[in-house]
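Accompanying notes for the structure given below.
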Amino acid sequence: MDTGEGALELAPLRGLRYAGADASALIDSPDFNLALALSPPYDLVDAASYARMTRVEPLNAARLTAPPTVDWPDRYTGAARTLRRWVGEGVLVRDPSPAVYAYEQTTPGGLRQRGLIGLLRLPPPGGGAVRPHEAISEEPVLDRARLMAATRANLEPILLLYRGGRGAERGAASLAADAPAEQGAEPLVDTVTGDGVVHRLWALTDTRTHARIAHDLAGRTALIADGHHRYAAYRRLQARQRGPGPWDLGLALLVDSEASPPRLGAIHRVLPGLDPRAAAEAARAHARVRELPAGTGPADAARLLAEAARSGPALAVGDRHGFALIDRVDPEAMRAAAPDRSDAWRAMATAVLERLLLPLWRTGAEEAELVHDDPAEAVRRAGARTGPATAVLLPALRVEDVYAVTARGELTPRKSTSFGPKPRTGLVLRSLESLPERTDEAR
């Protein structure tokens, strides 16, 4: 068991939260609604959803995590000013005692995920306690690092998965996450967001519980499920400092994937300037292409795609006029396109898209618009484009596939997975009081 600097560690914190037991007691706003103040993760907030959320609830957490450029000449300074004002006015208050927070999400379909929110101690460079699974881009890392430096805060947790075991062998972190609800303890937060997900939060302040969690996690490793760019921003800020300090930790939600199996969705693409029929025809050079029956909608196309993906990499291309299913990809073509990768990596649909089809279509990955989980929305956005556009529907990976690829030391192609349920932003924030005043630390 690793009990040194390389151990997986989730430490308690005095969380910064919306004030009062129901997050409204100290706020001079009789219409304040906590459910409306919580936000999806920053990368799921576009200009339209930001405008809608902040119009309905002016104290929405997206004002901190996704401030638009038009609000301030410097969006990072604007977020910092908003955070300081909310703390000064008592909108956000710090909890009195250090806690690891048990967080439960229950979807309308009955999926329940329980995990622990705390401070992840960043392992040393090269340490294996925390493993990424996905390639990242530089621009979002720089964006998040600048925001954290300006606000001196971690405004939303990254999502980590670990294997805690089953039955009586389950780890202490899972047992701690389950205990408050099972024992009937009153939650700090019990609310339902607009997507129908129930969010409940408890503070675990007993130091003996903290010790049990620490002992159990010391011999384990965790996989970054969501928040790769924020984790890289944690690392960047840490590297800019001299000596130990609060930048050695970052806010995280840790979930036992065996006790609470996550929902793993797909991230679809919209490719502007590409005609779907031309895309399908070009793909015949390296794969089987089948036109789906006329009238096949996005949901049925996604269902047929999922069936085809059981036998190997597959994807679908189309628009509101119809779809073509691409499967039985030539393995020799993929070996030639990705000679530096394993067979397991080459068998992923996103790998086929990135290495084989996008070059064939003369389209760059950076040109793609990303749509999480919703094939109908991908088709709608393709139709809203001026000129031709192709919706590329991708199947969801299995969590076992992600573990298998990362165990080989590989990363999945960028934006291969959409893990859920994702933690809602605004439930627990973390202030880094000792972070230097300069806001250019991440540059």
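All residue numbers refer to positions in the sequence shown, counting from 1.
- You'll find the side chain of T390 stays beyond 4.5 Å of the side chain of V270, heavy atoms only.
- Side-chain atoms of R114 and S174 form no donor-acceptor pair, as typed in the model, at a separation below 3.5 Å.
- The two residues A252 and L160 come nearest to each other via the heavy atoms CB-CD1, 4.0 Å.
- Using a distance-only test at 3.5 Å, with no hydrogens or angles considered, no donor-acceptor pair links the side chain of N154 to the main chain of E156.
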For the pair R414 and E134, evaluate salt bridge (Lys or Arg N to Asp or Glu O under 4.0 Å) and give the outcome as yes or no after the intermediate values. CA-CA 6 Å; R414 181 175 173 270; E134 190 172 79; over 6 Å; no
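- Taking 4.5 Å as the limit, every side-chain heavy atom of M348 sits out of range of all side-chain heavy atoms of D401.
- Residues S257 and Y403 bring a donor and an acceptor atom of their side chains to less than 3.5 Å of each other.
- Checked by atom type, the side-chain pair S416/T350 shows a donor-acceptor distance below 3.5 Å.
- When every heavy atom of W247 is checked against every heavy atom of L122, the shortest pair comes out as O-CD1, 3.7 Å.
- In summary, the side chains of S137 and H229 do not present any donor paired with an acceptor at a separation below 3.5 Å, with no hydrogens or angles considered.
- A salt bridge is absent between R146 and D74: the closest approach of a Lys/Arg side-chain nitrogen to an acidic carboxylate oxygen does not fall below 4.0 angstrom.
- Looking at heavy atoms from C-beta onward, P180 lies out of side-chain contact with Y101 at the 4.5 angstrom threshold.
- Using a 4.5 Å heavy-atom cutoff, the side chains of I158 and D226 are not in contact.
- Looking only at atom types and distance, the side chain of S418 has a donor-acceptor partner in the side chain of H372 under 3.5 Å away.
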Please step through salt bridge (Lys or Arg N to Asp or Glu O under 4.0 Å) for the pair R355 and D340, ending with a clear verdict. CA-CA 11 Å; R355 291 291 186 96; D340 55 333; 3.1 Å; yes
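- The aromatic rings of H133 and H228 stand perpendicular to each other, their planes meeting at an angle above 60°, with 30° marking the opposite boundary.
- For the residue pair S260/Q113, the side-chain donor-acceptor check at 3.5 Å is not satisfied.
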Derivation of the side chain to side chain contact (heavy atoms under 4.5 Å, CB included) call for W202 and L188: CA-CA 5 Å; W202 295 263; L188 298 172; 5.7 Å; no
Salt bridge (Lys or Arg N to Asp or Glu O under 4.0 Å) for D95 and R14? Distances and angles first, verdict last. CA-CA 5 Å; D95 279 333; R14 291 178 59 202; over 6 Å; no
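- Between the side chains of N33 and E57, no donor-acceptor pair of N or O atoms lies under 3.5 Å.
- Side-chain N/O atoms of R131 and T221 include a donor and acceptor closer than 3.5 Å.
- A 4.5 Å side-chain heavy-atom check between L175 and R212 finds at least one atom pair inside the cut-off.
- Looking only at distances, no side-chain donor or acceptor of Y76 sits under 3.5 Å from a matching main-chain atom of M148.
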Walk me through whether D330 and R335 qualify under salt bridge (Lys or Arg N to Asp or Glu O under 4.0 Å). CA-CA 9 Å; D330 181 359; R335 287 191 186 96; over 6 Å; no
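- For the residue pair L38 and R424, the shortest heavy atom distance occurs at CB-CG, 3.4 Å.
- Pairing each heavy atom of L411 with each of P132, the nearest pair is CD2-O, 3.6 Å.
- Between L356 and W361, every side-chain heavy-atom pair lies at or beyond the 4.5 Å cut-off.
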